[in-house]
Each structure stands twice: as C-alpha cells, then as structure tokens.
Number of protein chains: 2
Amino acid sequence: MARRPTVYDVAKLAGVSTATVSFAFRRPDEVRDSTREAVLQAARELGYVPSGAARGLARGGTGVLGLQSFDLLTESDILSPEAQHPNDGPPDPRVFPLYVDEVQRGFELECRQRGRSVHISNDPRTPQDVTDHAGRVDGLAVFPSRAGLSGVAGVLESVVRTVPIVLFSMGGVSADDAFHRVQADNDGGARALIAHLVDHHDARRLTFLGDLAAPDYQERFTAITDELATRGLAPPAAPLTTSPHTATGDHTATDDTASEGLPAANDAADIAAIITDISVTDLPDAFVCASDQIAIALIEQLTRRGVSVPADVIVTGFDGILASRVLHPTLTTVRQPMADMGRTAARILIEEAEKRSGSGRTVILPTALVLGESCGCESITAA
Amino acid sequence: MARRPTVYDVAKLAGVSTATVSFAFRRPDEVRDSTREAVLQAARELGYVPSGAARGLARGGTGVLGLQSFDLLTESDILSPEAQHPNDGPPDPRVFPLYVDEVQRGFELECRQRGRSVHISNDPRTPQDVTDHAGRVDGLAVFPSRAGLSGVAGVLESVVRTVPIVLFSMGGVSADDAFHRVQADNDGGARALIAHLVDHHDARRLTFLGDLAAPDYQERFTAITDELATRGLAPPAAPLTTSPHTATGDHTATDDTASEGLPAANDAADIAAIITDISVTDLPDAFVCASDQIAIALIEQLTRRGVSVPADVIVTGFDGILASRVLHPTLTTVRQPMADMGRTAARILIEEAEKRSGSGRTVILPTALVLGESCGCESITAA
DNA sequence: TTGAAAGCGCTACCAT
DNA sequence: ATGGTAGCGCTTTCAA
C-alpha cells in the first residue's frame with residue numbers, strides 16, 4: 001500500500017496551492033467550479049484520504065465522542081460454564097445484550113443523529129489509557145468499573161478539567177464537581193419493588209445480592225432497607241459486604257498504592273461463590289438481586305439444586321435487560337431507561353463541548369417496575 | 001473549561017524540555033526517576049491530556065480501527081408501527097440486536113483484546129464522509145448499504161489504495177482487488193435449507209422474499225434456485241426484482257449521476273409493500289425469506305390476517321439473530337457466525353495494517369441450519 | 001539523560 | 001478566487 005498522499009501531492013498534481021485543495025473540500029462553493037473539479041479529480045487519482053489527525057490538530061476538536069466501555073468478558077463470570085462460549089455460538093441473551101450494550105446503543109444512535117462519530121475504548125488499565133483516550137475525543141462518557149483500582153479513576157478528576165465527562169450510574173457521589181452524571185432513579189425503583197413484594201406477596205425475610213461497592217447497587221440497597229423500615233420490617237440480609245478495595249467506580253483520588261498490588265477485584269466471582277453457597281434449606285421469602293444478571297445466575301443455580309422459582313422462593317432482578325423478558329421464569333425487575341441514558345449522555349457531551357460551562361449537570365431518569373413470573377405475578381408459560 | 005494544556009505548558013512547569021515530557025510518558029525508563037516524577041506531577045497539576053490528533057500526526061497511524069455502520073433506524077421499517085418506538089421502551093428483539101449489532105460486537109471484542117479502540121461512523125451520505133472517516137483510522141470495516149448510491153461506494157475503490165478495507169457480506173463481487181472480504185457461506189446454508197424443506201417437508205412451491213440488490217440475498221437466491229433445480233423443481237417466485245438503482249453495496253465505480261437524484265432507495269419499504277400485498281388465498285408451500293427480519297415481519301403480517309405459521313404455510317429466515325430464537329414461532333433459519341465475522345475482520349485489519357500486502361484476502365465462514373417452529377419441526381410451546 | 005529543532009498534514013488568516 | 005504561510009501539539013532524530 002502506497003504512502004498516503006497529502007494535500008501537497010494533490011495540490012501539485014492539480015496545479016494549485018494546498019489552501020485551494022483544502023477549500024475545494026471544505027468550502028466547495030468558494031472555489032471556481034473548474035478548479036474544484038481539477039482538485040477532486042487529482043485527489044481521486046491519487047487515492048487521497050485526508051488525515052484526520054492533521055485536521056483535528058489544525059482545527060482543534062474532532063467531531064468524536066468517546067465511550068469508555070469495559071471488559072465484557074468478565075461480566076459472564078457468574079454464569080454457568082455453558083453460557084461462556086468463547087467464540088461464536090447461538091445468540092445467548094444472558095451474555096448479550098446487557099445493560100452496557102443497551103446504553104451504548106442509545107449513545108451511538110444519538111451520536112449518529114447528531115452527526116458525531118463514536119470512539120469506543122477499552123477498559124483502561126492505567127491512568128495513561130484514560131488520558132490517551134480522552135485526548136482523542138471532544139467528550140467522554142464513562143461506565144463505572146473496577147477501574148477504581150490503581151488510580152485509574154483518580155485521573156478522571158484531572159482529565160475533567162479539560163474534557164467534558166459524563167459518568168453513568170455513579171449516583172451518591174459528591175455532585176459538586178465538574179462531572180456530568182446520568183443515572184436511573186434507583187431509589188424510586190427499589191421502593192416500588194419492595195412495596196410490591198411486601199404488600200402483594202407478603203414477603204418479609206429478604207436477602208439482597210450484589211456488591212455494595214457499586215454505587216448503583218448501594219443506592220438500591222439503601223432504598224430497599226429504608227422502604228422495609230418504613231413498613232417496620234428488618235433490613236435485608238446482604239451476604240456480600242463492601243470489598244476491601246476502593247469502591248467500584250469510585251473516582252476520588254484515594255491512595256493508589258494501597259490497591260495497586262491487589263489482584264483484579266472480581267465481584268462476579270464473589271457473587272458466584274455466594275450463589276453457590278446458598279443454603280437451600282433456609283431460604284428467605286425473596287432474593288432481591290442488584291441486577292438481572294445476578295438474578296438469572298441465581299435462578300439457574302437454584303433450579304439446578306431443586307429449588308423452584310417462584311414456588312419455593314421469589315427472585316427479583318434490576319435493570320430490565322432483554323434476558324429478563326425472554327428467559328423463563330421472566331423476571332420481576334425494575335427497568336432502567338438504558339437507551340435514553342445513552343442518548344442523554346451524548347446530548348450533554350455535545351452541548352457541553354460548546355458551552356464549556358464549569359459545573360456538572362446531573363440527570364436522573366425514571367425507572368419502572370416490571371412484573372414477571374419470578375415473583376409469581378405471571379404464570380409460567382414455557383420452560 | 002480551560003484551554004487544553006500542551007506539552008509546552010507541562011515542560012515549562014516541570015522545568016524540562018518538551019522532548020523530556022514526551023519521553024516521560026512514552027519511555028518512562030529512559031528518563032531519570034526524579035525527572036519523570038516532576039513531569040508527571042506537573043501534568044497532573046495542569047490536567048494535561050495529550051492531544052490524540054497531534055500524536056497521530058507525529059507518529060503516523062492511530063491505534064484505531066473503523067467500523068462503517070449504517071442507519072439502523074430504517075432497518076425497522078418493515079416492522080409494524082408498534083415495534084418502532086422512537087425512544088426507549090422495553091427491550092424488543094425485533095429491533096436489537098440485529099445482524100449488524102452482533103457483527104459489531106465481535107469486532108469490538110477482538111479490538112479490545114488486541115489493544116485497539118474502535119471508531120464507529122455513521123452511514124456515509126457523501127464520498128467525503130467516507131474519506132473523512134477512513135482518514136481517522138488504521139483500517140476500515142464496511143457493511144453493505146444503500147450507500148451504493150450517489151457514488152459513495154465508488155470512493156472506496158480509491159480509498160482502499162491507502163487504507164486497508166474489509167467488506168462484510170459482499171460476496172459475488174470480483175475478488176481480484178485490494179479489498180478484503182469476510183462473508184458467510186450463503187451457498188451452503190441456502191442449500192441445506194432447501195434440502196430440508198424439500199426432502200423433509202415436501203415443499204415444492206416456494207416464494208423468495210428479499211431485495212436481490214443485496215449481494216448476500218442474491219447469493220442465497222441463486223443457491224436456492226440451483227438446489228431446487230437439482231431436484232427438478234421450479235425456481236422460487238421472487239416478487240421483488242432488482243431495484244432500478246445501483247445495487248445495494250455495489251462499490252463499482254458506476255455512473256454516479258444516474259442515481260444521484262434518486263430518492264433514498266428503501267428496500268424495507270418495498271418488502272413491506274409486498275408483505276402487505278401477499279395473497280392469503282394463494283399461499284406457496286413455503287416463504288423462504290432472505291433474512292430473519294423479513295421472516296419475522298412476514299409472520300407478523302400473516303398472523304394478523306389469520307394465516308397461521310407453520311400450519312398454513314412454512315416460513316424460513318436467514319441469519320440466526322437473537323429474535324429468531326426468542327419470538328414465537330421460533331424461526332427455522334440459517335445461522336451466520338456473526339461474532340466471528342466481526343472478529344475476523346478486525347484481525348485482518350490489524351495484520352494488514354502492518355504487512356501492507358497489496359491484494360485482498362477473502363474469508364468465508366461456515367453457516368449452520370437451525371430448525372425451529374416456523375417450518376413445523378419444533379412444536380410451538382408458547383404464544 | 002536531556003535539549004533543540006525539524007517535521008507530521010491540514011486549516012485559516014492575510015495578501016493578492 | 002487563489003496563494004503564501006504560520007501554526008496546531010506531539011514525536012523523534014541528532015547533539016550536547
């Protein structure tokens with residue numbers, strides 16, 4: 001493949017200046033027709049592809065929005081081995097699309113509509129990864145992740161001073177900073193769920209499943225506890241306490257070295273262990289899971305051990321991902337408006353990239369209780 | 001938000017040269033510890049985020065791979081109005097994830113694994129859009145699309161001379177060029193499907209549904225026709241003939257002006273019209289659809305008009321998207337290894353970005369017949 | 001180990 | 001309408 005031709009090459013071949021070449025492309029109507037044609041012709045002839053880097057440099061600002069995704073592979077850790085096909089295989093809703101995927105899709109759709117392209121970057125392993133990615137975009141949307149470790153999150157504090165950043169699902173953190181936030185109404189959703197479980201199913205002994213290090217999960221847990229208290233009920237059992245390491249998604253500049261040497265935190269593994277250890281002989285009235293994925297993995301495990309849902313015990317999820325509707329039993333869960341969250345984030349980034357206001361906005365989107373078979377509200381129609 | 005600090009700012013604050021700043025980041029071990037610390041400290045203090053553009057320019061080559069996606073919105077055109085929620089709503093497998101989404105996911109996963117980030121660009125509307133996007137990446141993967149219109153596809157011929165490009169699902173086109181191709185074994189899959197329909201269900205009168213302008217669809221149609229001929233049967237009826245405009249995904253440099261003024265081709269609309277017009281009184285033995293989406297829309301329409309599948313007529317799909325497994329009746333279809341296709345494309349691009357060999361590779365991945373309820377092979381368990 | 005300086009390819013301002 | 005040209009911010013020899 002040949003060296004990429006440049007404006008100079010095109011200019012020479014077309015017998016014009018580089019300025020004219022640039023204009024021919026960017027301001028077609030400010031160039032005489034014949035000239036423009038000559039330039040375009042020369043460009044085609046040379047296979048000229050303008051360097052995005054050079055352009056971005058010269059103009060300052062690329063029309064690109066970034067999405068800090070994270071390693072989806074570890075997401076399936078709580079699933080039974082069969083579900084973890086490494087390569088291809090039939091579509092499995094337990095693996096895709098998940099929460100992140102739906103949010104990402106909304107983000108992409110909005111960007112598409114507003115003429116922006118999307119830059120998807122890996123789970124950052126070092127602070128450098130973060131700055132490198134941030135340096136390529138006009139704004140960055142970030143999912144919470146185990147990146148809270150090793151100072152990766154801390155760097156965001158620094159980055160946000162020059163690049164607009166919106167944090168997904170990071171409620172509960174000091175909102176008095178430059179970060180923008182987009183989150184779901186965990187509180188309202190969790191309360192509605194508990195109200196249903198208690199008032200309608202007379203559930204009293206609940207067990208909560210989920211790593212409280214995740215801001216979202218923590219919010220849900222708190223709301224659940226409070227809503228139970230309101231009814232004079234005891235807080236839910238929560239077998240998983242906050243991990244010793246810095247909280248998932250925590251982005252405060254905490255002592256990095258403390259967690260630097262830790263093995264990658266893996267709440268999936270923790271959850272998996274707990275699910276496996278659950279006592280089948282002493283079941284609560286309901287397992288209230290912090291996410292649909294956890295609920296699904298739990299049901300799978302319970303079923304395997306002869307416990308039937310919802311006959312023997314109620315199980316609820318949270319998120320409302322596709323799998324919660326197409327697997328059986330369908331999940332009683334709280335749906336987050338994922339696509340909307342993605343779209344909102346993109347919108348904020350686009351606006352903010354221009355206004356450059358200093359303080360962060362927070363948008364909380366409504367959630368909705370969705371009744372399914374796993375609480376006994378719908379009859380199970382198929383296996 | 002402050003002006004983005006540059007190397008110069010950091011250099012000055014740290015009391016070193018810009019070269020040292022650069023080294024401190026990119027070659028940490030070639031800089032004295034104390035110096036490096038000073039630089040890092042200064043950088044943090046300033047909220048320094050290195051410009052990706054500048055870096056890309058200076059080094060030539062960004063670690064980014066591009067994916068030319070296309071406007072998913074029009075994809076749902078053949079669905080009943082209810083399915084076309086503009087914003088959020090419960091997850092609907094008829095809308096997501098589709099073929100492109102699964103391929104995209106594979107592409108992303110592979111990139112993630114190989115340390116590349118992904119640049120997702122919109123459906124190009126002008127040749128410029130194509131070059132602009134191509135100019136930002138080290139390699140580009142492209143889906144077939146209506147972009148064949150208005151010369152958008154033609155420009156790829158020019159672009160491929162300087163940027164590695166892999167074409168998805170574009171079989172049947174002259175393979176003697178610089179394009180790399182990743183496609184599914186349409187021929188084998190279609191033949192297996194026909195063999196099943198004819199040998200097992202004794203189907204003889206078939207109707208094919210799908211715009212033959214799509215290379216994939218054309219391949220399937222040809223294989224179907226041939227396989228039927230092999231059995232001494234008549235070719236399938238194909239109510240939709242090739243559109244008058246340049247073929248979808250066609251990237252040969254055809255006369256642009258001819259199609260320039262045309263309204264955006266919309267095979268979805270064509271299909272929708274045909275589906276609506278289908279005579280309920282003169283049904284074939286089976287409707288062999290070019291894609292799962294078409295099959296699903298068809299079944300929806302048939303059901304609405306009192307025709308039951310598979311009791312009254314058999315319907316088959318192609319692709320094996322998630323919806324084909326979770327809706328009822330489940331589809332008898334041919335599955336493409338979508339994630340693998342995406343991964344393969346990424347792999348090719350990464351390798352090729354280095355080797356820069358001149359000629360294109362073509363990889364054909366295997367397909368697999370999947371039996372479902374829509375041909376009567378499985379009993380329908382739920383509505 | 002660190003500094004000076006020459007680009008990388010494009011845009012945009014100032015002339016003409 | 002077109003040309004000359006000074007940067008944009010970073011990397012990378014080459015010297016010191």
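Residue numbering restarts at 1 for every chain, and letters A, B, ... go by the order of the sequence lines. Given the structure is predicted, the values throughout are model-derived calculations rather than measurements.
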Geometric class of the His119(A)/His133(A) ring pair [parallel <30°, tilted 30-60°, perpendicular >60°]: tilted

Rounded distance in Å - [atom1] ([X]) to [atom2] ([N]):
{"X": "Arg26(B)", "N": "dT1(C)", "atom1": "CZ", "atom2": "P", "answer": "20 Å"}
{"X": "Asp9(B)", "N": "dG9(D)", "atom1": "CG", "atom2": "C1'", "answer": "10 Å"}
{"X": "Arg4(B)", "N": "dG9(D)", "atom1": "CZ", "atom2": "C1'", "answer": "11 Å"}
{"X": "Tyr48(A)", "N": "dG9(C)", "atom1": "OH", "atom2": "P", "answer": "10 Å"}
{"X": "Phe23(B)", "N": "dT12(D)", "atom1": "CZ", "atom2": "P", "answer": "8 Å"}

Toward the 5' end of DNA chain D, by each residue's nearest nucleotide, Ala58(A) or Asp33(A):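 Nearer the 5' end of the strand: Asp33(A).
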
Distance-only side-chain donor-acceptor flag, [X] / [Y], under 3.5 Å:
{"X": "Glu108(A)", "Y": "Gln104(B)", "answer": "yes"}
{"X": "Gln183(B)", "Y": "Ser169(B)", "answer": "no"}
{"X": "Gln128(B)", "Y": "Arg26(A)", "answer": "yes"}

Residue Ala19(B), side-chain atoms from C-beta onward, closest of dA12(C), dG9(C), dT12(D): dT12(D)

Among dG9(C), dT2(C), dG3(C), the nucleotide that comes nearest once only the side chain of Ala54(A) is considered: dG9(C)

Check: dC10(D) base within 3.5 Å donor-acceptor of Tyr8(B) side chain: yes

Determine the contact category for [X]: base if any of its heavy atoms lies under 4.0 Å from a base atom, sugar-phosphate if only primed atoms, P, OP1 or OP2 are that close, otherwise nothing.
{"X": "Phe25(B)", "answer": "nothing"}
{"X": "Val21(B)", "answer": "nothing"}
{"X": "Arg27(B)", "answer": "sugar-phosphate"}
{"X": "Thr18(A)", "answer": "base"}

Within less than 4.0 Å of OP1 or OP2 of [N], is there a side-chain N or O belonging to [X]?
{"X": "Thr20(B)", "N": "dG3(C)", "value": "yes"}
{"X": "Arg55(B)", "N": "dT11(D)", "value": "yes"}
{"X": "Ser17(A)", "N": "dG4(D)", "value": "no"}
{"X": "Arg59(B)", "N": "dC8(C)", "value": "no"}
{"X": "Thr6(A)", "N": "dG9(C)", "value": "no"}
{"X": "Thr35(A)", "N": "dA1(D)", "value": "no"}

Donor-acceptor under 3.5 Å (Arg181(A) side chain, Leu167(A) main chain): no

First of Gly52(A) and Glu30(B) reached from the 5' end of DNA chain C, by closest nucleotide: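 Nearest nucleotide further toward 5': that of Glu30(B).
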
Closest-nucleotide ordering on DNA chain C, the 5'-leading residue of Ser34(B) and Leu57(B):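 Counting from the 5' end, the first nearest nucleotide belongs to Ser34(B).
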
Test salt bridge (charged side-chain N to carboxylate O under 4.0 Å, His left out) applied to Glu110(B) and Arg105(B), step by step: CA-CA 9 Å; Glu110(B) 188 69 25; Arg105(B) 177 149 189 275; over 6 Å; no

